[in-house]
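For reference, the structure is listed below as structure tokens.
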Amino acid sequence: MDAVFANAEAQAPVEGAAVETEKKQKVQAMRAALKETVQTNPDFAQKLRRLSNSIKVVNTLGYGKGGNIVVDKNASSSDKRALKPTSAICGYKIQNIGDEAIKYTTEEFTQDETGKFVGNVIEKTLAPGATADLTRQYMTMFCAQPEISFTLANGKIVSSSKKNPKSLKEELAAYYFSFNKAEDGSTPQVNDDEVKISVDDENGKVKPEYVATFGYLNNPKETRAAKAKGSKFTTQDLAANYINKLLEEQGM
């Protein structure tokens, strides 16, 4: 039972160490996977980033009234930085700026007989000059192919600090896009008003032009069953249980 109390006091540093260990293990796994790919796929080097300069992010796509916070430039001053809520980024609008058609996978949503939006995974082709809207999940999948390798014409795909994704889908959605520096030396931000477009209206409903990609956001949110709280033992619980056990052993 000593562990019950010792664990409560040491929980924070132990969790921090566990996170660092997990990160190191993940990096090691990534290095091993890349080594295996290079050794088993002789065409990998020729494919690597071949289409990177053909794809750029035109806009980030936001949903909802909150989810992120940004600096409120109008309310901030040289000695005080004000923050304001902004919509969460749910996807990206990309454009093929190359001269070669590129295949990609996405999910298109339509309503079933109950009114629920149901997705259908399909393969499509992005023609030169054309644009496409992708959720974060499918953006990650698209950019992970060796020909792009998370490197785009105007930025890159990076991993978030989200801990312990519960599924592959959740891990895919945890990656996000970050802009490179522009020619004028500035760096566009994904939440800038001139960059981000809202996929929903004032009532929180997805706009018609975005329903095929983001229709699932119109579905009612699924409620999760509350987790049962684990027992918390106090010093009195420990001592009382010990005495009670002694009384039982003595038949008292």
Side-chain angles (χ1 to χ4, degrees), residues 55-76 81-97 104-127 129-143 152-155 157-158 160 162 165-167 169-179 182 186-224:
I55 298 294
K56 76 172 184 179
V57 167
V58 180
N59 297 105
T60 57
L61 303 174
Y63 172 79
K65 302 299 182 185
N68 284 328
I69 55 173
V70 293
V71 175
D72 188 341
K73 297 177 181 178
N74 294 326
S76 296
R81 189 178 69 159
L83 301 176
K84 66 177 181 178
T86 187
S87 59
I89 293 175
C90 58
Y92 303 93
K93 184 183 293 291
I94 60 172
Q95 184 179 22
N96 182 350
I97 57 175
Y104 66 98
T105 301
T106 188
E107 196 169 359
E108 290 195 345
F109 290 85
T110 55
Q111 283 182 294
D112 63 14
E113 63 279 3
T114 68
K116 181 180 180 180
F117 283 89
V118 179
N120 181 38
V121 178
I122 60 173
E123 187 176 86
K124 303 183 75 172
T125 299
L126 188 62
T131 62
D133 300 328
L134 294 175
T135 63
R136 288 176 61 152
Q137 173 191 346
Y138 285 99
M139 178 70 167
T140 300
M141 291 170 60
F142 175 65
C143 295
L152 289 77
N154 61 340
I157 302 294
V158 295
S160 75
K162 185 178 179 66
K166 298 179 177 62
S167 65
K169 182 176 181 179
E170 187 173 305
E171 179 160 8
L172 292 172
Y175 283 79
Y176 63 93
F177 175 79
S178 176
F179 282 103
S186 64
T187 303
Q189 300 300 311
V190 293
N191 289 305
D192 287 346
D193 291 338
E194 58 271 23
V195 172
K196 188 163 62 174
I197 297 174
S198 293
V199 303
D200 57 325
D201 59 25
E202 291 298 320
N203 298 315
K205 291 297 182 181
V206 177
K207 297 173 184 176
E209 62 267 33
Y210 295 108
V211 165
T213 304
F214 299 101
Y216 67 94
L217 293 171
N218 280 338
N219 291 334
K221 292 185 178 180
E222 297 181 1
T223 56
R224 296 182 180 179

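What you see is a predicted model; the values in this text were computed from it and never measured. Just so you know, these numbers use all the heavy atoms, side chains as well, and skip hydrogens, waters and symmetry mates.
- T106 and Y138 make their closest contact through CA-CD2, 3.7 Å (heavy atoms, listed as atom of the first residue, atom of the second, distance).
- Shortest non-hydrogen contact noted between V158 and S178 is CG2-CB, 4.5 Å.
- Residues in residues 189-199 take part in no salt bridge (charged side-chain N to carboxylate O under 4.0 Å, His left out) pair, two or more places apart or across chains.
- Looking at residues two or more places apart in sequence or on another chain, you find a salt bridge (charged side-chain N to carboxylate O under 4.0 Å, His left out) between K65 and E202.
- Residues L134 and I94 form a side-chain contact, since some pair of their non-hydrogen atoms from C-beta on lies under 4.5 Å apart.
- Summarising the geometry, atom OH belonging to Y92 is positioned 12.0 Å from atom CG belonging to N59; distances are rounded to the nearest 0.5 Å.
- Nearest heavy-atom pair, Y63 versus C90, reported as atom, atom and distance to 0.1 Å: CB-SG, 3.9 Å.
- Expressed to the nearest 0.5 Å, how far CD of E108 lies from NZ of K124 amounts to 4.0 Å.
- At distances below 3.5 Å, not a single donor-acceptor pair connects side-chain atoms of N203 with backbone N or O atoms of K205.
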**Asked** Would Y210 and I197 count as a side-chain contact (heavy atoms from CB on, under 4.5 Å) if you check the C-alpha gap in whole Å, the side-chain angles of each, and the deciding distance to 0.1 Å?
**Response** CA-CA 11 Å; Y210 295 108; I197 297 174; 3.5 Å; yes
**Message:** Set out, in order, the CA-CA distance, both residues' side-chain angles and the distance that settles side-chain contact (heavy atoms from CB on, under 4.5 Å) for N154 and F177, then state yes or no.
**Reply:** CA-CA 10 Å; N154 61 340; F177 175 79; 3.7 Å; yes
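- Between Y216 and F214, the ring planes are tilted. Angles from 30° to 60° get that label.
- For the atom pair OG1 (T60) and CZ (R136), the distance works out to 10.5 Å, reported to the nearest 0.5 Å.
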**Request:** Verify side-chain contact (heavy atoms from CB on, under 4.5 Å) between L126 and I55, making sure each step is shown before the conclusion.
**Result:** CA-CA 10 Å; L126 188 62; I55 298 294; 4.0 Å; yes
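- The 12-atom threshold is not exceeded at NZ of K116, counting heavy atoms of other residues, nucleotides or ligands nearer than 6.0 Å.
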**Request:** I would like to know whether V211 and F109 meet side-chain contact (heavy atoms from CB on, under 4.5 Å); could you show each step before the answer?
**Result:** CA-CA 7 Å; V211 165; F109 290 85; 5.6 Å; no
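- Annotation for M141 and L172: closest pair CG-CD1, 3.8 Å, computed over non-hydrogen atoms.
- Across all their heavy atoms, A132 and Y104 have their closest contact at CB-OH, 3.6 Å.
- The closest side-chain heavy-atom distance from D200 to L217 is not below 4.5 Å.
- Put simply, the side chain of Q95 reaches to within 4.5 Å of the side chain of T131, judged on heavy atoms.
- For the pair N218 (side chain) and V206 (backbone), a donor-acceptor distance under 3.5 Å is present.
- Atom CG of L83 sits in a crowded spot, with more than 12 heavy atoms from other residues, nucleotides or ligands closer than 6.0 Å.
- In this structure, F179 and T187 approach most closely via the heavy-atom pair O-CG2, 3.7 Å.
- Once rounded to the nearest 0.5 Å, the distance linking CD of Q137 with OG1 of T105 reads 10.5 Å.
- Using a distance-only test at 3.5 Å, with no hydrogens or angles considered, a donor-acceptor pair links the side chain of N219 to the main chain of F117.
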